[in-house]
Amino acid sequence: MTTTTAPSPPDLAAIKERPQATNPPAGLRSPALRGTEARLKELFPGQWVQATTQTFTFRDRSAAHWLDVFRTWYGPTNRTSAALDTAGQIALEADLLALAGEHNRGGPDALIVPSPYLEAVIMKA
């Protein structure tokens with residue numbers, strides 16, 4: 001049995017406008033597609049796939065602290081930021097803080113952001 005989860009933020013429209021930070025190399029499909037039941041069925045043809053939407057709630061002291069932690073310790077955010085020039089890093093930071101602020105349910109003193117993801121169980125048929 002294989003279990004896989006793929007976080008999917010509520011809205012990435014602002015970030016998707018920055019193709020240099022989000023597009024996979026030519027000829028490759030985005031790994032984010034693994035967060036869909038349809039793509040999992042393509043990747044595991046003939047296997048039993050059960051996918052359920054779950055919610056992970058990000059909780060932190062503030063949006064700025066959350067971003068600092070992700071930029072320091074979370075590989076995709078760290079590597080994306082490192083690949084951008086200073087102007088790109090500033091723009092990405094602004095986009096991520098705006099996105100976090102838009103979905104924050106914690107008010108000015110905390111960051112509480114629910115984020116849906118797909119929980120998948122895949123078994124050999």
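If you read the sequence from its start, that first residue is 1, and numbering goes on from there.
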ask   = From L111 CG over to R59 CZ, what is the distance, rounded to the nearest 0.5 angstrom?
value = 10.0 Å
task = Evaluate the ring planes of F58 and F56, with Trp represented by its six-membered ring, and classify them as parallel (under 30°), tilted (30 to 60°) or perpendicular (over 60°).
result = perpendicular
query = Nearest 0.5 Å, what's the OG1-OH distance between T55 and Y117?
reply = 8.0 Å
query = When rounded to the nearest 0.5 angstrom, what distance separates CD in Q89 from OG1 in T80?
reply = 10.5 Å
task = Identify the heavy atoms of G46 and A125 that sit nearest to each other, and give their distance.
result = O-CB, 2.8 Å
remark   = CH2 of W73 to CG of D68, rounded to nearest 0.5 Å, is 10.5 Å
message = How long is the straight-line distance from CZ of R71 back to CH2 of W66, given to the nearest 0.5 Å?
response = 10.0 Å
inquiry  = One pair to check against side-chain contact (heavy atoms from CB on, under 4.5 Å): L118 and T53. What are the steps and the verdict?
reply    = CA-CA 5 Å; L118 192 69; T53 301; 4.2 Å; yes
query = If every non-hydrogen atom of Q47 is compared with every non-hydrogen atom of K124, which pair is closest and at what distance?
reply = OE1-CA, 2.7 Å
key: CD1 on I90 to CG on D95, rounded to 0.5 Å   = 12.0 Å
task = Look only at the side chain of N78 and the backbone of S81, and say whether a donor-acceptor pair between them is shorter than 3.5 Å.
result = no
query = V69 and L96: same hydrophobic cluster, using ILVMFWY side-chain contacts below 4.5 Å?
reply = no
ask   = Does the side chain of L43 reach to within under 4.5 Å of the side chain of I122, using non-hydrogen atoms?
value = no
inquiry  = Suppose we screen for salt bridge (charged side-chain N to carboxylate O under 4.0 Å, His left out). Which residues come up paired with E42, at least two apart in sequence or across chains?
reply    = R29, R39
